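Inspection log for the structure reproduced underneath, given as structure tokens.
Remember, predicted model here, so these are calculated numbers, not experimental data.
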Amino acid sequence: MGSDGSGSWRDLGAHLGTAVVLAGGVLIGAVNIYVAASLLPTAVTEIGGERLYAWNMTAFLVAQLVATLFVRRVLAGRGTVGAYLIGFGVFAAGSVVCAASPTMAVLLVGRALQGLGAGLLTGLGFALVQAALPRSLWARGSALISAMYGVGNFVGPALGGLFAQFGSWRLAFVVLAAAAVGIAVLVPRTLPRGGSWSTAHSPRPGSVGLIVAAAGAVSVGGIVTQPLAKGALVVLGLLLVVAFLVAERRTTTPVLPRSTYRPGASLPWVYVTIAVLAAGTAVEAFLPLFAQRLGGLPPLLAGFFGAALSLGWAGSQVLSSSAHRSGVVRLLRPGGPAVLAVGLAVLAALLPADGSTAAVLAWLPLLLLAGAGIGLAMPHLSVAAMTGTADPDEANQAAAGIATVLTMATAFGAAVAGLLVNLGGADTVAAGRFLLLAFAVVAALGVPTAMRAQHRTRSAATDDDLGDPDRASSHVGSPQP
């Protein structure tokens with residue numbers, strides 16, 4: 001235990017089995033995204049279906065979002081252990097279907113099942129930080145879970161590339177299924193079986209339909225190649241999100257906590273800041289392309305540029321989660337988006353037009369710095385979401401909502417990134433600057449939203465829940481084992 005009463009990484013080690021399950025569930029979903037991306041070209045040569053190739057990610061992302069919306073309902077019906085076994089089971093089943101797919105259509109079914117399992121596991125990871133870990137370890141638990149996205153981006157392409165190199169794309173999905181089963185074995189031994197999970201806030205079909213339609217629109221926007229169609233689908237997705245928020249304000253059973261829509265609440269600003277940081281990772285997909293075209297780097301080396309941002313994110317979270325003094329945390333929440341914005345803006349300015357390999361290699365420290373901005377703020381934003389309401393049931397709902405926000409932000413970020421690169425046309429430097437500068441602006445928006453969240457909380461709460469993590473949530477409950 002730290003001198004300030006906060007839990008240390010050694011304290012988290014006392015809950016090693018629980019940490020492995022929570023983080024492992026998020027990790028296999030994150031790894032799967034990049035493994036599949038590396039394997040699909042090889043799979044197409046064997047089973048065909050090139051016309052359906054681009055729909056693999058859409059099937060996965062939309063199914064993942066749907067699953068995050070029903071995390072609390074599954075918890076209420078099956079309990080902690082049952083919910084996790086369902087998540088790992090569905091993901092493993094989807095992986096087996098992918099491995100045995102005779103056609104691309106069947107592979108899409110497997111990808112959708114993988115998405116359902118991954119979405120449930122991701123939502124459970126955030127939701128159960130409160131229930132399965134003591135309050136003093138929430139920041140470190142959240143940091144560990146969030147860092148799995150970065151680890152997945154680093155491990156996934158390497159693992160997928162290794163299997164693709166030897167033409168064993170089916171075996172890769174078998175390995176993913178085996179990993180899910182292996183972690184599932186730990187579930188009954190490590191997770192608390194108790195806890196009360198209410199179904200009172202189960203989302204209405206109308207709200208679910210709107211948010212799923214929004215995710216579908218932006219995911220299809222990531223597939224189409226025409227800039228006008230891509231832009232129209234992104235706009236449609238935004239309009240559907242607005243319609244979703246209007247419906248949420250009117251319903252008695254919203255997807256996100258009711259406090260998200262109350263005047264003066266801090267939670268909406270916390271969610272917006274999380275979304276801004278998550279959207280910033282969308283630039284990763286195009287960095288290897290820029291490194292190859294502008295610096296002449298080989299594909300293997302260029303692939304590390306896509307992972308550098310996530311590596312900075314994962315590493316900085318380990319350090320950031322050690323911060324518990326209220327003044328430091330107040331700086332880290334808006335400071336994270338600021339660091340991300342500066343890193344992306346400087347990188348845009350340094351894009352070489354002369355094909356200099358040395359100039360491209362200079363991107364790496366900037367990418368690590370930009371990624372570090374995400375990691376500096378994310379653990380503390382996650383805790384802010386969990387402690388932004390005094391109602392224990394809403395606190396659990398707020399924690400589960402983090403996964404929904406992350407999934408939506410990732411889908412929107414990917415679609416917008418593709419649109420910006422298309423606007424650059426054949427000029428790679430112009431495309432890169434469009435992309436990086438636009439997302440630098442988006443990241444910069446996270447500075448005022450983070451500050452707004454802290455200001456709102458100081459105005460609305462006498463105990464300064466969000467502003468002072470040392471005192472936060474002394475009154476916030478969670479399901480007790």
With L436 as reference, evaluate V441, L350, L347, L420 under the side chain to side chain contact (heavy atoms under 4.5 Å, CB included) test and give the passing residue. L347
Would you check if [X] and [Y] make a side-chain contact, meaning some heavy-atom pair closer than 4.5 Å?
| X | Y | value |
| --- | --- | --- |
| F163 | V35 | no |
| F91 | I86 | no |
| Y84 | L22 | yes |
| V329 | R325 | no |
| F290 | V429 | no |
| M57 | I33 | yes |
| P257 | L267 | yes |
| L120 | F88 | no |

Quick one: do W55 and V220 satisfy side-chain contact (heavy atoms from CB on, under 4.5 Å)? Show the steps, please. CA-CA 8 Å; W55 289 93; V220 174; 3.7 Å; yes
Listed by chain and number, what are the side-chain contact (heavy atoms from CB on, under 4.5 Å) partners of L445, not counting sequence neighbours?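 Scan of L445 (side-chain contact (heavy atoms from CB on, under 4.5 Å), adjacent residues dropped) gives none.
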side-chain contact (heavy atoms from CB on, under 4.5 Å) against T407, all qualifying residues, sequence neighbours excluded: Q64, L65, T68
Spell out, as yes or no, whether a donor-acceptor pair under 3.5 Å connects the side chain of [X] to the backbone of [Y].
| X | Y | answer |
| --- | --- | --- |
| T122 | G119 | no |
| S142 | W138 | yes |
| R333 | M451 | no |
| K230 | G221 | yes |
| E248 | L256 | yes |
| H380 | R330 | no |
| E284 | L309 | no |
| S146 | A143 | no |
| S320 | L376 | yes |
| S219 | G216 | no |

Could you grab the distance from atom [atom1] of [X] to atom [atom2] of [Y], nearest 0.5 Å is fine?
| X | Y | atom1 | atom2 | answer |
| --- | --- | --- | --- | --- |
| I274 | S382 | CD1 | OG | 5.0 Å |
| L144 | L27 | CG | CG | 9.5 Å |
| L311 | L364 | CG | CG | 10.0 Å |
| L40 | L52 | CG | CG | 11.5 Å |
| L233 | Q226 | CG | CD | 12.0 Å |
| L406 | Y271 | CG | OH | 10.0 Å |

So that I can tick it off, tell me whether E46 and R170 are bridged by a salt bridge, with the cut-off set at under 4.0 angstrom between side-chain N and carboxylate O. yes
side-chain contact (heavy atoms from CB on, under 4.5 Å) between F173 and V96, worked out: CA-CA 7 Å; F173 286 112; V96 170; over 6 Å; no
For a side-chain contact (heavy atoms from CB on, under 4.5 Å) check, start with the C-alpha distance between T103 and I47, then their side-chain angles and the critical distance, and finish with the verdict. CA-CA 5 Å; T103 64; I47 63 176; 5.6 Å; no
If you compare all heavy atoms of [X] against all heavy atoms of [Y], which two are closest, and at what distance to 0.1 Å?
| X | Y | answer |
| --- | --- | --- |
| V181 | A92 | CG2-CB, 4.2 Å |
| A127 | V71 | CB-CG1, 4.4 Å |
| G375 | P379 | O-CD, 3.1 Å |
| L277 | I374 | O-CD1, 3.7 Å |
| A275 | V405 | CB-CG1, 3.8 Å |
| A217 | L240 | CB-CD1, 4.5 Å |

Please list every donor-acceptor pair under 3.5 Å in which a side-chain atom of residues 104-118 meets a protein atom from a residue at least two apart or in another chain.
unit_1 : atom_1 : unit_2 : atom_2 : d
R111   : NH1    : Q114   : OE1    : 3.0
Q114   : OE1    : N32    : ND2    : 3.4
Q114   : NE2    : N32    : OD1    : 2.9
Q114   : NE2    : S95    : OG     : 3.0

